[in-house]
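Data block below; observations after.
Sequence lines set the chain letters: A, B, ... in the order given, protein chains first and strands last, and positions in each chain run from 1. A quick note: this is a predicted structure, and the numbers were derived from the prediction, not measured.
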There are 2 protein chains.
Amino acid sequence: MKLLDSSYDVQQKILVAVDCIIFGFDSNNLKLLLFKRKVAPLKGQWSLVGAFVKNDLSINDAAKQILFESTGLKDIFLEELKTYGDLNRDPGERVISIGHYSLIGINDFDIEQVKEFDAEWFNINEIPELILDHRNMVEDAIIELRNKVRHQPIGFKLLPKYFTLPDLQTLYECIYQRPLDSRNFRKKFLSLNILIKTDKKDRTSSKKGAFLYRFDKEKFDDLIAKGYNFEI
Amino acid sequence: MKLLDSSYDVQQKILVAVDCIIFGFDSNNLKLLLFKRKVAPLKGQWSLVGAFVKNDLSINDAAKQILFESTGLKDIFLEELKTYGDLNRDPGERVISIGHYSLIGINDFDIEQVKEFDAEWFNINEIPELILDHRNMVEDAIIELRNKVRHQPIGFKLLPKYFTLPDLQTLYECIYQRPLDSRNFRKKFLSLNILIKTDKKDRTSSKKGAFLYRFDKEKFDDLIAKGYNFEI
DNA sequence: ACAAAAGTGTTCCGTGTACACCCATGA
DNA sequence: TCATGGGTGTACACGGAACACTTTTGT
């Protein structure tokens, strides 16, 4: 319902879009989800997943919906990155785009399924040329992602329920794109007390086998609530 | 110039606005700039400085221009906060707002001048009721501001050319809204090597007088470039 | 002489970081 | 037996945090 005196007197011709920078972790690599653009101009080129915002959805919900419709990925938690609002960033019309990013565990989803949508996972070091300012968005998002994981021990949603410490370390190494010292890494992570060790081992990647752990969700939530600062 | 195939087929009715969260430091207090809303609905109530984005300006330039037109404040560096895009945040129409914030030295500007624009500086602890989600924006901006100054020793633009260490400390105490230990503060700040001590004293606030310092712009820039982490 | 703000050093503790060897096992 | 990845401990350096007294000077 509109209020009586509700109509603003504005001659605005700005379209609002969202673009999604979706990182995926597949046990060994950090990947980025790209998409073959379906509309002119620039049709057929690689781009981020994005579209115009629908009138009846909040920006964040719109981003989720667009991601779902474009790739089949559902229930992805998206975080706002920032707004890209330069005048001529889109050769078509005046379009501003609100970047959103996320990091997901690729294996939780059907990795082939996205191909039906003309989407594809690219290794983070092998990203093709992207349209418009999308490459900027990706670079900004990587920086944000690193900042984020520095302040919140992630992992829950990126690793299977049971995982090994080497797995966890690989995850962080992928995000930071540099090797970490395993002794320090283990010491630090175990000191957080959010891991529960099981007596089972995973022997798929070594003969000795590595112990499986799982997250202690309660303690994890406590830690987040207290705003713990997780420097690696 | 538009490309031939440039018009997107979109029925979008979303207006794009910016709101500015302007913090000001006046040697003793952190203040917030507010503005009496001039358009219906909610006309006459206190709000942030904001308006719709013009078609021919980038978002950031639009924010600057709006700030200038609404308050007379010119050449203010604005930083994007985030987008407020919920469906019914504005009772008028569907409006999304991209929050921008800044921290300025109030004394560098004419403090009375803003009043001619129906704007006013409020002490950060005495903020009146604000329209829409503006209170949220302010809270988000304070958190951002604290995060920002934690990573970048500010001061340059907020203090006069010559200032005392107690002045500088007051600035940080205002931002963090808590007292700091003067011994630790001085030690930390001086160790950055970005201050140049003069042999003059300021005696306006004590009989003994406090030495005046100025910033060493070059070293300061070096420090920023290296991404120094300034925890207080 | 005293009030009021400026200025100064030390100690302790926690945490980041560097670093090298033994263990368990399947092949 | 050997190759492979898993797992462990120590020593040092640095920075944050707590803490109390002296100095200067106008009144």
With sequence neighbours left out, write down each residue that passes ring-ring contact (aromatic ring centres under 6.0 Å, His included) with [X], or none if nothing qualifies.
X	value
A/Trp46	A/Phe122
A/Phe215	A/Phe156, A/Phe163
B/Phe185	B/Tyr172, B/Phe189

Report the residues that fulfil salt bridge (charged side-chain N to carboxylate O under 4.0 Å, His left out) with [X], sequence neighbours left out, ordered by chain and then residue number.
X	result
B/Arg146	none
A/Asp221	A/Lys217
B/Asp181	B/Arg183

Terminal contacting nucleotides, 5' and 3', DNA chain D versus chain A (heavy atom, 4.0 Å) = D/dG5 to D/dT10
Side-chain H-bond candidate by donor/acceptor type, A/Glu173 with A/Gln169, under 3.5 Å | yes
Which residue pairs pass the salt bridge (charged side-chain N to carboxylate O under 4.0 Å, His left out) test when at least one of the two sits in residues 202-215 of chain A, sequence neighbours left out?
-> none
For residues 72-83 of chain A, pull every pair meeting side chain to side chain donor-acceptor pair (under 3.5 Å), keeping only residues two or more places apart or in separate chains.
-> A/Glu79-A/Lys148, A/Glu80-B/Thr83, A/Thr83-B/Glu80, A/Thr83-B/Thr83
Note: for A/Lys201 and B/Lys201 on DNA chain D, the residue whose nearest nucleotide lies more 5' is A/Lys201
Enumerate, atom names and distances included, each donor-acceptor pair closer than 3.5 Å involving a side-chain atom of residues 66-73 of chain A, sequence neighbours excluded.
{"residue": "A/Glu69", "atom": "OE2", "partner": "A/Gln65", "partner atom": "NE2", "Å": "3.4"}
{"residue": "A/Ser70", "atom": "OG", "partner": "A/Ile66", "partner atom": "O", "Å": "2.8"}
{"residue": "A/Thr71", "atom": "OG1", "partner": "A/Leu67", "partner atom": "O", "Å": "2.6"}
{"residue": "A/Thr71", "atom": "OG1", "partner": "A/Leu73", "partner atom": "N", "Å": "3.2"}

Using a cut-off of strictly less than 4.0 Å between a heavy atom of the residue and any atom of DNA chain D, enumerate the qualifying residues of residues 179-193 of chain B by number.
-> B/Asp181, B/Arg183, B/Asn184, B/Lys187, B/Lys188
Of residues 204-213 of chain B, the positions that come close to DNA chain C - non-hydrogen atoms, cut-off under 4.0 Å | B/Ser205, B/Ser206, B/Lys208, B/Gly209, B/Ala210, B/Phe211
